[in-house]
Amino acid sequence: MSELPKNYDPKAIEQKWYDWWCGKGFFHSESSEGGKPYTIVIPPPNVTGILHMGHALNESIQDVMVRRKRMQGFNTVWVPGTDHAGIATQNVVERQLRKEGKSRWDMPREEFLNLVWEWKRQYGGTILNQLKKLGNSCDWDRLRFTMDDGLSDAVADVFVRLYDKKLIYRGEYIINWCPRCGTALSDEESEHETENGHLWHIRYPVKGGRKNDYVVVATTRPETLLGDTAVAVNPRDERYTKFHGKTLILPILNREIPVIVDDFVDPAFGTGAVKVTPAHDPNDFDMGRRHELPMINVMTDAAEMNDQAGPYAGLDRFACRAKIVADLQAAGLLVKVEEHSHAVGHCYRCHTVIEPRLSLQWFVKMKPLARAGIDVVKGGRVRFVPERWTKVYLDWMENIRDWCISRQIWWGHRIPVFYCEAEGCLHQWAQKGKPEACPACGSTQFHQDPDVLDTWFSSWLWPFSVFGWPKESDDLKFYYPTTDLVTAPDIIFFWVARMIMAGMEFMGDIPFERVYLHGIVRDTQGRKMSKSLGNSIDPMDIINDFSADALRFSLIALTATGQDVYISKEKFELGRNFGTKIWNAARFMQTHSDGPPANMKDPQFQADLLTADDQHILARLHKLIGVCDEHIERCRFNDYAKAVYEFFWHEFCDWYVEYAKQPLNGGAADRKAEVLKVMNYVFSRALCLLHPIMPFLTEELWHGMGYTAIAESIMIAPWPTALDENELSTRGVQAAAVSYVDAKHAAIGLARNLRADYGLAPAQPADFILRPANDAIGNRVRGDRAAYLPYLKAGKLEVEADFIPAKPMPSIITPLGTLFMSLDGHVDVAAERRRLGEQLQKTEQELESVRKRLENENFVSRAKPEVVEQVRTRKRELREKCEKLTKLMEGMQ
RNA sequence: GGGCGAUUAGCUCAGUUGGUUAGAGCGCUUGCUUGACAUGCAAGAGGUCACUGGUUCAAAUCCAGUAUCGCCCACCA
């Protein structure tokens, strides 16, 4: 036990304890030690990531869960790691190159990859260090990266398995193409946004027809006209019956295209005639297949028009759009332009407008994988909290579409497919590692597919790949399935759903039992926090200005289950102030104790020395333990945080510490010892309850208060167990005493109201007489009398069962009985009455003048409404004051 | 087009299975250099629980509808 300094200095303390915990190996676990496992895998942040408030919330919640389970004696592991974040990371390095006037195409692939690895070595640890600053109790010995050898092996293994099962295929389909990143994206990576665009109506002349023989089509993307290979109408649309089987002339290019009929076409939309561009639109692609139309890709990878675009070749797609519209107008083929709002896909990495485009890519067949994923959720083996996400998950899973997994970038897991180059062979196969020869013809001439896999193709294996899969390690057997997954709902499809499918497919078991989806952290205007908006609050700034504990506490206390949270910097004062309060309570206790308390593990209370107040705080502590357990189990972390806050501040500090001042300042020695015992017991257990949220402060106080006899560190101290009423009563805590103290607190509150009602200054004492509601309480109060006095600011307190005041006295009915107040003997009644009388008179005069001002029509007509309001307020105040003074004078009769 | 969430004090939000007088933090008002703490203490003001109807002995809470805001999903060009 060391003396606590007056002020709490988190900066000095937080780093110290974090290093100590790591050095002691408290975060580390071994499967060989057995016990009951509790496992969480971190949602791996991008290596390029910088900690934002969303992370801070996510990590704090996980740390709360993990720290509590560890204290409860579970064999607990929290596996940390980072994601290689294919496109995001490659973009960062490419941006760097661009500053030097270079691009990745200026160098061999290997050289570029070396640059990325180098970048990762230098900067990839940033977010990990930030997690340490937060206090995360991750097992750093198990740190993983999605491109570690082991994890890469898992990725290749999975690819080959799915390939051999024919669940991976390659084909030419319409995919989402990001022209800026130069790669295909999955459907989930295309973010739809409603935009105000136009609907251009364009005239397509009939071949060999007269001047007025034409079909008008409507389109939002006129530049794709260059790739049109048909115009479609609904077979039942009579307006177009006469065009069935006709041939049209494509404007500008003058290509001949057929009119086809297809049920897909909605006669009610646009003109009822659709231009069909199979290479640039998913619907048109389907129609194109049904009608065996040619598919003409008119753009390059960079979304510039290619040589299929005739005169527009080389133009950017949007420049082309403008030019084509102008040209159509000039040719008299543009019928009209309508305003039209529609959803446009954007790249989730760089926000460029997605170009739907025909492309040769790799896909995973998802329907067969989804079945098991649907069953385990419907069967309740994987539960979502809050439950409403179950429906979102199932809706997506039941309508799942194939997953485009190939990316035309370099950073990531290279697709393990090889193509034989031997003439007449052209065999294609998938295998782990470098092949020596073509398995079909033995040729050594072959090459690997140049593409890499979607980043999520490694993340979906995370819950088991981090434990060494596909090797059957002891860790894997022990720690899998993991217990809880904590993440934000924006990656429920990207990650959560796919992990469930992968778990079922490759492990034959669920990846986690429960998914807690917390809210998204927003600014006070409800916008997502982001660097580009400049509205983000850097968690590191909060740690610097307040403390990591304050950050954690505030975030958790303010985030209701699954609701978004709106944050501004001032909100973190909540956590800071709370920390200070606890710090000072500890200092108070320390100044009154002579050394570390004895037998802290299981202190025995002496029933005959426990007052009702002692029993009350003990009972409240045990109630709190139960409440905390329930809230945490139900992921109601805000309620948990607030319960601890309420207990520490309002139960322990406001009442118990105040109460304890009596026995501690000159009470009997045995009473003093007993109070210290109770205080230390309650304080140490409450610190344990708080530790998962505020790990640093609680550890500092654990040592400062000398609680290390319980456990070397609060991190590994036993999580308190709630005792029920019977168990408490065998330890001297009687229910009757507890309810008596509740009544007493209420009565004291009412007595303070009484004082305030009669305008008594805090320093001014009064006498009180209590006429108790029944004799049992009367005896209690009699025994407790001295303890009441400071609360009541009382000169003396009498308890008289049959007290009837001889003259009128101010009184109030309390749960303990009727409380009378008297100022006799504390003030010179005559002088005080004279003074009050004068004050009363003055107040009444002021009131009268205000009334007159208000009644003066002149004044009202001239005055601004605010002034009138001010005068009215003043009048109300004066009237209240007048009433108070009158009452007070009556009380002094 | 489909789905989800929100609407409660000046602000930001809790409010669990319907049940006394609807709570907290911040802000505001009044008074306190109280021997742990002014990052504090005590007291106080402030609410038509978005709206309309229904169920019930009883509704912020359940049901139906309306409005506003936000989010997610979606191949009407």
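Remember, it's a predicted structure, so these values are computed and weren't measured experimentally. Residue numbers start from 1 in every chain, and the chains themselves are labelled A, B, ... in the order their sequence lines are given, proteins ahead of strands.
In a base pair of the Watson-Crick type (N1 to N3 plus N6-O4 or O6-N4) or a G-U wobble (N1-O2 and O6-N3), with each distance short of 3.5 Å, B/C71 is matched with B/G3. Both distances falling under 3.5 Å, in either a Watson-Crick or a G-U wobble arrangement, place B/U66 opposite B/A50. Base-pair partner of B/A36: not found among the strands shown (Watson-Crick or G-U wobble, both distances under 3.5 Å). Within the shown strands, B/G19 is the pairing partner of B/C57 under the Watson-Crick or G-U definition, both distances less than 3.5 Å. Under the Watson-Crick or G-U wobble criterion, with both distances below 3.5 Å, B/C11 is paired with B/G25. B/A42 and B/U30 make up a base pair, with Watson-Crick or G-U wobble contacts both under 3.5 Å.
Of the listed nucleotides (B/A42, B/G25, B/A77), B/G25 has the atom at the smallest distance from the side chain of A/Y645. The side chain of A/N584 lies closest to B/C37, out of B/C37, B/A42, B/A77. In this structure, of B/A14, B/U16, B/A77, it is B/A77 that holds the atom nearest to the side chain of A/T220. Relative to the side chain of A/H650, the nucleotides B/G25, B/A14, B/A77 differ in distance, and B/G25 lies closest. With B/A77, B/U12, B/C4 as the candidates, the nucleotide lying closest to the side chain of A/K571 is B/U12. Checking B/U12, B/C4, B/C37 against every side-chain atom of A/K391, the shortest atom distance belongs to B/C4. Checking B/C4, B/A77, B/U16 against the side-chain heavy atoms of A/R388 singles out B/C4 as nearest. Distance from the side chain of A/L574 is smallest for B/G25 among the nucleotides B/G25, B/G5, B/A77.
Relative to the six-membered ring of A/Y214, A/R203 meets both conditions, a distance below 6.0 Å and an angle of at most 45° to the axis.
At a threshold of 4.0 angstrom between heavy atoms, the contacts of A/K661 include nucleobase atoms, whether or not backbone atoms are also involved. Among the heavy atoms of the strands, none lies under 4.0 Å from A/A557. Looking at heavy-atom distances under 4.0 Å, A/H340 makes contact with sugar-phosphate atoms alone, never a base. Residue contacts shown for A/D284 are absent, as no nucleic acid heavy atom lies under 4.0 Å away. A/W200 comes within 4.0 angstrom of nothing in the nucleic acid, heavy atoms only. A/N753 comes within 4.0 angstrom of the backbone, heavy atoms only, and of no base. Across all strands, A/V657 comes closer than 4.0 Å to base atoms (heavy-atom distances). Nucleic acid contact for A/F578: none, since no nucleic acid atom lies under 4.0 Å from a heavy atom of the residue.
Here, B/C26 and B/A42 have their P atoms 12 Å apart, quoted to the whole Å. Between B/G47 and B/U33, the distance separating the two P atoms is 32 Å to the nearest Å. Comparing the same atom, P, in B/U48 and in B/A60 gives a spacing of 13 Å after rounding to whole Å. Look at the C1' atom in both B/U52 and B/G44: the space between them is 36 Å, to the nearest Å. Rounded to whole Å, the P atom of B/C41 lies 13 Å from the corresponding atom of B/A36. Atom C1' of B/C51 sits at a distance of 22 Å from the matching atom of B/A58, rounded to the whole Å. With both ends at atom P, the span from B/U29 to B/A6 equals 35 Å, rounded to whole Å. Look at the P atom in both B/A14 and B/U7: the space between them is 7 Å, to the nearest Å.
Contact check, A/W649 against B/C41: a side-chain N or O comes under 4.0 Å of OP1 or OP2. Within the structure, a side-chain polar atom (N or O) of A/N577 is placed less than 4.0 Å from OP1 or OP2 of B/G40. Close to B/G35, at under 4.0 Å from its OP1 or OP2, lies no side-chain N or O of A/R587. Between A/R576 and B/U39 there is no side-chain N or O to OP1 or OP2 distance below 4.0 Å. Side-chain nitrogen and oxygen atoms of A/K581 include at least one within less than 4.0 Å of the OP1 or OP2 phosphate oxygen of B/C41.
Along RNA chain B, the nucleotide nearest to A/N7 and the one nearest to A/G749 differ in position, and the one closer to the 5' end is contacted by A/N7. Projected onto RNA chain B by closest heavy-atom contact, A/T194 and A/D654 fall at different nucleotides, the more 5' of which corresponds to A/D654.
If you take NE2 of A/H192 and C1' of B/C71, they are 15 Å apart, rounded to a whole angstrom. Going from atom CZ of A/R755 over to atom P of B/C32 covers 14 Å, rounded to whole Å. Taking atom CZ of A/F546 as the reference point, atom P of B/G25 lies 18 Å away to the nearest angstrom. Protein atom CD1 of A/I491 is 15 Å distant from nucleotide atom C1' of B/C72, rounded to whole Å. For A/E646 and B/A14, the CD to P distance is 18 Å, given to the nearest whole Å. Separating the CZ atom of A/R752 from the P atom of B/U34 is a distance of 16 Å, rounded to the nearest angstrom. Here B/A36 presents its P atom at 14 Å from CE of A/M705, a figure rounded to the nearest Å. Put simply, CG on A/L701 is 13 Å from C1' on B/C37, counting in whole angstrom units.
The aromatic ring centroids of A/H745 and A/W655 lie less than 6.0 Å from each other. Ring-centre distance between A/F553 and A/F546: not below the 6.0 Å cut-off.
Looking only at atom types and distance, the side chain of A/K275 has a donor-acceptor partner in the side chain of A/T224 under 3.5 Å away.
Ring planes of A/W649 and A/Y645: tilted class, angle from 30 to 60°. The aromatic rings of A/F648 and A/F578 sit perpendicular, their planes meeting at an angle over 60°, well past the 30° parallel limit.
Between A/G171 and A/F363, the closest heavy-atom pair is O-CE1, 3.7 Å.
Contact of A/E658 with B/A36 (side chain to base): a donor-acceptor pair of N or O atoms is detected under 3.5 Å.
Between A/E570 and A/R576, no side-chain nitrogen of the basic residue sits less than 4.0 Å from a carboxylate oxygen of the acidic one, so the salt-bridge criterion is not met.
Here the rule is ring pair (Phe, Tyr, Trp, His ring centres under 6.0 Å) with A/W456, and of A/Y348, A/F493, A/F494 only A/F494 fits it.
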